[in-house]
Amino acid sequence: MSSAALPHRSLSLAEPAAGVQPAAPAAEAHVLDAQALQDILRTLPAAVTVLDERGEFLIVNDAAARMNVAAHPLAGPGTATNSAIEHRRVEGLALLAAGRTSNGEEQIGHGATARTFLTAHRPVEIGSRRLLLSSSFDITEQKAVEDKLFRRAYFDELTGLPNRSVIERRADTLLRRDDSASRFALAFLDIDNFKHINDYYGHAVGDALLVGVAKRLGLELRDTDMLSRISGDEFLLLLNPIQSPDEVADHIDFLLQRLKAPFYIDGTEVFASASTGISLYPEHGRSFDTLRQNADIAMYRVKSATKGAAAMFDVAMEREALERMAIEQALRQAILDKRFCCAFQPKVDIRTREIKGIEALVRLRDDDGVIQAPGTFVDLAVELGLIDELTHLVLAEITKSIDLIDGAFGPDASISINVAAKQAGNVAFMQSFTAALAATGFPSRFVVEVTEDAFVAKSHFQSEILPLLRRIGVGISIDDFGIGYSSLSALADITADEIKIDRSFITDIHKRPRSQGILKAIESLSEALGMTVIAEGLETFEELAYLQAATKIRYAQGYYFSKPIFLEELKPAVHSVGGGRPRPLGRETEPARMSVPRSNAGRM
């Protein structure tokens with residue numbers, strides 16, 4: 001540091017103002033001489049320099065020397081060899097000439113050794129000399145924290161992709177132009193069956209898959225495009241600009257084909273696909289929320305159909321989405337209003353007409369009191385996670401009305417309750433449901449009906465849940481058998497009590513030789529495995545006659561014997577049903593319904 005810049009006199013920290021009588025001197029005057037001030041200046045943590053009009057650094061403290069932005073005071077302008085020093089000199093002379101101050105960040109160094117400083121320059125005039133006072137504070141660590149917080153706020157930590165707020169800002173920037181000639185597309189991609197992948201392989205593999213998907217989707221994107229991860233397994237892709245819908249469709253199809261190649265993760269070959277919905281600006285919306293929502297609607301159309309494909313939004317999809325939303329709201333309100341009710345359909349011995357058991361079915365009364373078919377709400381209840389509450393409602397209704405049920409069907413009739421495959425693999429739900437069955441006091445009366453995919457799916461049903469049900473004496477029935485995913489090897493491991501042959505095999509069985517062959521094979525298989533066979537959907541005398549004459553099947557269920565009977569219709573009755581077109585349990589005979597195939601989840 002140059003001592004020429006400092007006055008050679010002692011400076012008192014308590015020097016009196018002019019015209020003020022000084023107090024009596026203390027025993028020791030607290031004063032700082034020039035050397036003390038120089039020592040303080042030299043050791044300040046802030047980097048301090050003083051530059052004169054000739055470009056000479058008059059003062060350079062230790063922190064400034066470490067920054068390497070100023071030469072030694074004795075070095076002239078022509079001796080500087082460091083570009084940072086020369087930059088500081090040129091910048092300082094310009095500020096002095098203009099007589100203006102400057103505040104801002106500057107970066108010194110490159111790569112891992114780079115440091116960031118907050119620097120202030122201020123021109124001053126001392127005596128007859130014009131000088132530039134400069135101070136710099138090292139804010140490298142602070143900037144690192146700020147950058148980390150910024151990335152956490154605006155970028156996905158796992159994939160490094162920008163998050164929803166970033167892509168929304170980009171889209172809003174394009175939308176503010178309000179230029180219909182400038183078109184862009186928004187694609188909503190959802191990885192298919194990602195929860196299953198996570199459950200089966202573990203979350204570490206699931207995370208690695210997300211990173212791999214992000215990399216494949218991000219390949220060959222233009223600088224003006226943007227890929228964002230907006231939630232767990234959902235991505236948004238903004239393509240800008242676009243020329244035509246066909247161009248967008250071709251690009252998305254290319255991306256989806258790229259995803260179908262296997263991912264190799266920790267020695268495991270993992271396959272993935274993504275369902276994709278696409279919306280276009282301005283055709284499908286003039287706001288980000290509208291475009292994203294319409295792309296989402298198109299994606300769900302794909303998800304509910306084929307999966308792994310792409311669809312462009314259209315107005316018909318929006319209409320369907322509004323109808324679905326209305327059904328969803330009605331379903332939630334119906335649960336709150338307890339407008340669900342129980343109906344019971346007997347399982348009948350086709351030779352003695354005695355009632356072996358009953359199946360409890362859930363039904364919904366709409367605002368007008370009209371009973372809604374389960375196909376209108378059961379699938380949606382499963383998707384929305386409301387099916388658990390419905391199942392508990394059915395059990396509570398049975399428990400409350402058990403005396404009436406016994407009077408109508410007999411105290412020995414088993415009571416079957418349907419459990420969706422998704423529920424059957426949910427350990428938490430099944431534990432609570434098993435506890436509720438045990439709490440009724442008659443758990444051995446119950447039979448839990450599940451579709452065959454609950455057994456063959458890689459879930460906890462067979463290993464953890466089945467033993468719980470067996471422990472309290474609950475029976476197990478395989479519902480809709482023959483249309484699911486089971487193989488003979490899987491069936492051999494299933495320890496169910498009964499098999500319910502799907503109605504698609506029973507309808508017009510007397511006219512269909514191929515169905516007859518399949519029926520006999522199922523019958524032989526179930527007999528070998530010690531399972532009772534029940535024929536579902538029996539509706540005509542001809543179907544009954546064939547089962548009686550050509551098979552050993554003992555039990556059937558269907559409109560031929562009785563349609564589902566609601567609780568308020570139950571009356572004490574003889575615990576069997578007559579022949580012909582019977583009067584179901586004391587009620588007036590009602591016309592048979594048309595034979596309409598139902599989905600797996602359609603009955604509850």
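- Side-chain contact between L186 and N294 is absent, with no heavy-atom pair separated by less than 4.5 Å.
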Tell me, with the steps shown, if R258 and L219 meet side-chain contact (heavy atoms from CB on, under 4.5 Å).
CA-CA 10 Å; R258 176 183 283 167; L219 290 175; 3.2 Å; yes

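- Stacking of R170 on the aromatic ring of F288 is not recorded, the 6.0 Å distance cut-off and the 45° axial limit not both being met.
- Atom CD1 of residue I553 and atom CD of residue E523 lie 5.0 Å apart, to the nearest 0.5 angstrom.
- Two rings, from H392 and F429, have their centers less than 6.0 Å apart.
- Put simply, CD on E539 and CD1 on I506 are 11.5 Å apart, with the number rounded to the nearest 0.5 Å.
- With values rounded to the nearest 0.5 angstrom, R319 atom CZ is found 8.5 Å from D314 atom CG.
- Heavy atoms of other residues, nucleotides or ligands lying less than 6.0 angstrom from NZ of K307 number more than 12.
- Few gaps surround CD on E269; more than 12 heavy atoms of other groups in view lie less than 6.0 Å from it.
- In this structure a side-chain-to-backbone donor-acceptor pair under 3.5 Å is missing from E359 to I415.
- With rounding to the nearest 0.5 angstrom, the CZ atom of F313 is 5.0 Å from the CD1 atom of I297.
- Within the 4.5 Å cutoff, the side chain of Q431 has heavy atoms near those of the L468 side chain.
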Decide side-chain hydrogen bond (donor to acceptor under 3.5 Å, both in side chains) for D479 and T451; before the verdict, give the C-alpha distance in whole Å, the side-chain angles of both, and the deciding distance to 0.1 Å.
CA-CA 5 Å; D479 198 11; T451 53; over 6 Å; no

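- For residues 232-251, the set of pairs meeting the side-chain hydrogen bond (donor to acceptor under 3.5 Å, both in side chains) definition, not counting sequence neighbours, comprises S231-E234.
- At least one side-chain heavy atom of R363 sits less than 4.5 Å from a side-chain heavy atom of P564.
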side-chain hydrogen bond (donor to acceptor under 3.5 Å, both in side chains) evaluation trace for E543 with T507:
CA-CA 7 Å; E543 293 166 357; T507 301; 4.8 Å; no

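- Between E536 and R503, none of the side-chain N atoms (NZ, or NE/NH1/NH2) sits under 4.0 Å from a carboxylate O, so this pair counts as no salt bridge.
- No salt bridge links K500 with D480; every basic N to acidic carboxylate O contact stays at or beyond 4.0 Å.
- Salt bridge D497/R470: present, at least one basic N to carboxylate O contact under 4.0 Å.
- Between the D156 side chain and the T159 main chain, a donor and an acceptor come within less than 3.5 Å of each other.
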Begin with the C-alpha distance, continue with both residues' side-chain angles, and end with the deciding distance and a verdict on side-chain contact (heavy atoms from CB on, under 4.5 Å) for T532 and I499.
CA-CA 6 Å; T532 301; I499 292 177; over 6 Å; no

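- For the 3.5 Å distance criterion, the side chains of Y154 and R169 qualify, holding a donor opposite an acceptor.
- A salt bridge links D225 with R222: the closest approach of a Lys/Arg side-chain nitrogen to an acidic carboxylate oxygen falls below 4.0 angstrom.
- L291 CG to Y281 OH: the interatomic distance, rounded to the nearest 0.5 Å, is 9.0 Å.
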Before giving the answer on side-chain contact (heavy atoms from CB on, under 4.5 Å), spell out for L210 and F194 the whole-Å C-alpha distance, their side-chain angles and the decisive distance to 0.1 Å.
CA-CA 9 Å; L210 289 172; F194 183 71; 3.7 Å; yes

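- Within 6.0 Å of atom CZ in F566, more than 12 heavy atoms from other residues, nucleotides or ligands are found, so the atom counts as buried in its surroundings.
- Among the candidates T276, I167, L161, the single residue satisfying the side-chain contact (heavy atoms from CB on, under 4.5 Å) test with F235 is L161.
- Salt-bridge annotation for K143 and E105: present, with a side-chain N of the basic residue lying under 4.0 Å from a carboxylate O of the acidic one.
- Within a 6.0 Å sphere centred on CG of D266, heavy atoms belonging to other residues, nucleotides or ligands number 12 at most.
- Contact check on K347 versus E498 returns a salt bridge, with a Lys/Arg side-chain nitrogen under 4.0 Å from an Asp/Glu carboxylate oxygen.
- Ion pairing between D199 and K195 holds under the 4.0 Å rule for side-chain N and carboxylate O.
- Here CZ of F340 is found 4.5 Å from CG of L364. Values are rounded to the nearest 0.5 Å.
- A 6.0 Å sphere centred on OH of Y300 holds no more than 12 heavy atoms belonging to other residues, nucleotides or ligands.
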